[in-house]
Number of protein chains: 2
Amino acid sequence: MTQSQTETTSTARDEGRAAVTVALANDYEVVVQGLERMLAPYGVRVEVAELDMNMPVGQPVDVTLYDTFSQPQVDRDAIDRILASPWAGKVVVYTWNVQAALVSTALEKGVAGYLSKTLSAEELVDALERVHRGEVVVLTGDPDDEPGEDDDHEPSEGPTAGDWPGREQGLTAREAEVVALITQGLSNQEIAERSYLSINSVKSYIKAAYRKMGVDSRTKAVLWGVEHGLTPDRGRRIVR
Amino acid sequence: MTQSQTETTSTARDEGRAAVTVALANDYEVVVQGLERMLAPYGVRVEVAELDMNMPVGQPVDVTLYDTFSQPQVDRDAIDRILASPWAGKVVVYTWNVQAALVSTALEKGVAGYLSKTLSAEELVDALERVHRGEVVVLTGDPDDEPGEDDDHEPSEGPTAGDWPGREQGLTAREAEVVALITQGLSNQEIAERSYLSINSVKSYIKAAYRKMGVDSRTKAVLWGVEHGLTPDRGRRIVR
DNA sequence: CGAGATCCCACCCCTACAGGTGTGGCGGGG
DNA sequence: CCCCGCCACACCTGTAGGGGTGGGATCTCG
C-alpha cells in the first residue's frame, strides 16, 4: 500500500520529465552492482545506463556517479579524467570522505555533487535529480548542511547500504576498503593518504579485518583479497 | 648422424623391454611440462603417463618423479602421501636440495631414488630405468657418488635444465622458487626452513628477484607472482 | 691459460614497515 | 545500558628489505 502510494507520488511529481540517465563508476563490479540494485526501485526517476569498472564512460549520460570505494579521491587525477569526458554529463562523487578540503577541491574541479554514503537511496536519487536540474549539491550528512533549506527530513525509504567486496565475509565497508587497497599493493602509509585516515586508524582496520579474514600477515591478506574479489575489475556493462 | 647412432644404441640396449611409465608430480604446471619436454626425446625408454599438479597419481605407473620446486621436502608429509599411493610405483625425488640428512630421510621413508637437478636428461633417464629395475639410486651430483661404479662419464646428451615459472621473466630457478614460496604466503623464516637455506640466503634471493621483477615490497611481489604463474596449479593431465 | 660473468650460497649493518596489545571517544540503534 | 562501526592513539616487537661484501663452481671468450 505504502509502496504503491510512493509510486503514485513519484509519478505525479515527475510527470512529463524523462528519467536521469546515470553511469556508475568504480573499479569493483560488486560496488557498481550494489549501486545499481540500490537505484533499481527508482527506475522511473533514475535510469542506470552503464556500469564502468576501470573504463571511461562509453555513451552520453546525464550524470556520472563516482563511488570512491578503494579509489583515488578527488584530489587525484582520476576524477579529472571523468570530468574531461564529453559523455560523462554532470559528475557526482559518492563517498565516506566528507572532509571540507575534499569538498572544496571537488567543487573547484567542477564536480556537481558531493554526497555522503550515509544518505538513503531516496536522498541519493533526489540529489541526482537536483544535479541534473543544474544545482550543485553537497550533502555530507552533517545536520548543518544546506541551512534553511528543505527541512522535511522524514524517514526516507530505501536501503542506505550499497555493496562492497568482502561484505559477505563479514568485512565492514571501511575494513574492506583498506583490504582492497592492500590488495592493490599499497603500504599502510599510502593507504592512510589515499583514504584520508590516520596511520593508526589504518592499522586498527587492518587488525580487525585480519581477524575476520583469518590471516596474520599481509602476504596472506593479499592472497585472501585476490581470492575474494578484492582486486580491481575492468570492464563496462551497458544496461541501456 | 650422432643422433641416429644414439638411437640405434638405445634401441639395441633396450630391446624387448617396455618403457618405464612415469608420473610427474609438482604443483606448477610449467615445472611438470618442463620435465615432460626434457624426457620427450627418450620416449622409447621413459613414457610420461600423466602430469599431477596438487593431485594424487591417477593410474598405475612404474615410477613417480617428484620435483621439489617450491614443494615440501622429504622431511614433510607430502612425500608420504605419494609413497602411500598404491599406484605411484617407485618414488623418485628430483631436487636441488641434496643435503645428506634429506637423502637419508628419503631412503628411510622408502624413496627409491634421490636425484640432483644437476643431472643431464640422459642421466635422469638412466636413473629412472635403474630404479624401475629395483635399484635404489642416489645421485647428488657429487663426484664421489657411487664410488667405483660406472666411470664412463662421457658428456651426456640432452638438456640439463627443466623449466620453472618466472623463467621467461629472467628469474633463476632458486629466485623463482623463493618467489613462489612468497606467493604461497610463507615468511622469510618459513622459506628458509622449507628450502634448506639460511635466512640470509633467502634475503639475498629476494633482493635479486625483486630487482628483476621491478617490485619493492612483498605485497607487490605477491601480486607479481599471481600474475606470472607463481601460484600453485591444480589438476592432472593424462598423457597415456 | 686467465678474466669475466653467472648462479648458488652466505654474511653484516642498519632502517623501514608491519603487526600485536591495549586504550579511548563519538554516534547510532536495540 | 550494550553493541557495533568509525576513528584515533601509545608502546613495543617482529619482519622485511636496502646496501654492501665475499667464496666456490661452472662456463665462455680472448
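Within every chain, numbering begins at 1; the chains are lettered A, B, ... in the order of the sequence lines, protein sequences first and strands thereafter. Side chains are part of it too, since the values below use all heavy atoms of this structure and drop only hydrogens, waters and symmetry mates.
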Practice item. Hey, which sits more toward the 5' end of DNA chain C by its nearest nucleotide, B/Thr172 or B/Ser204? Key: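 It is B/Thr172, whose closest nucleotide lies nearer the 5' terminus.
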
Exercise for review: Let me know, please, whether A/Tyr210 or B/Ile199 comes out on the 5' side of the other along DNA chain C by nearest nucleotide.
Suggested key: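 With A/Tyr210 and B/Ile199 compared, the 5'-side residue is B/Ile199.
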
On the nucleotide [N], are OP1 or OP2 found under 4.0 Å from the side-chain N or O atoms that [X] carries?
X	N	value
A/Asn200	D/dC9	yes
A/Arg218	C/dC17	no
B/Tyr205	C/dC8	no
B/Asn188	D/dA16	yes

Grab the [atom1]-[atom2] distance between [X] and [N] for me, whole Å please.
X	N	atom1	atom2	value
B/Tyr196	C/dA10	OH	P	13 Å
A/Lys117	C/dG28	NZ	P	19 Å
B/Leu186	D/dG14	CG	C1'	17 Å
A/Glu177	D/dC7	CD	C1'	14 Å
A/Lys207	C/dT23	NZ	P	11 Å
B/Ile182	D/dA16	CD1	P	9 Å
B/Leu197	C/dC7	CG	P	16 Å
A/Leu181	C/dA18	CG	C1'	16 Å

Point to revise | Residue mapping more 5' on DNA chain D - nearest nucleotide basis, B/Arg211 or A/Asn97 | key: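 The residue mapped nearer the 5' terminus is A/Asn97.
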
Exercise for review: Show your working on side chain to side chain contact (heavy atoms under 4.5 Å, CB included) between A/Tyr94 and A/Leu35 and close with a plain yes or no.
Suggested key: CA-CA 10 Å; A/Tyr94 187 59; A/Leu35 286 176; 3.5 Å; yes

**Study point:** Flag, side chain of B/Asn26 to backbone of B/Phe69, donor-acceptor distance under 3.5 Å
**Key:** yes

Exercise for review: Establish whether the base of C/dG20 is bridged to the side chain of A/Lys203 by a donor-acceptor pair shorter than 3.5 Å.
Suggested key: no

Salt-bridged, [X] to [Y], with N to O below 4.0 Å?
X	Y	answer
A/Asp216	A/Lys220	yes
B/Arg45	B/Asp126	yes
B/Arg234	B/Asp27	no

Practice item. Quick one: label B/Ser217 by what it contacts on the DNA or RNA (base, sugar-phosphate, nothing), any heavy atom closer than 4.0 Å. Key: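 Sugar-phosphate: the residue B/Ser217, judged by heavy atoms under 4.0 Å, touches backbone atoms but no base.
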
Review point. Heavy atoms under 4.0 Å, any strand shown: does A/Ser201 hit a base, just sugar-phosphate, or nothing?
Key: base

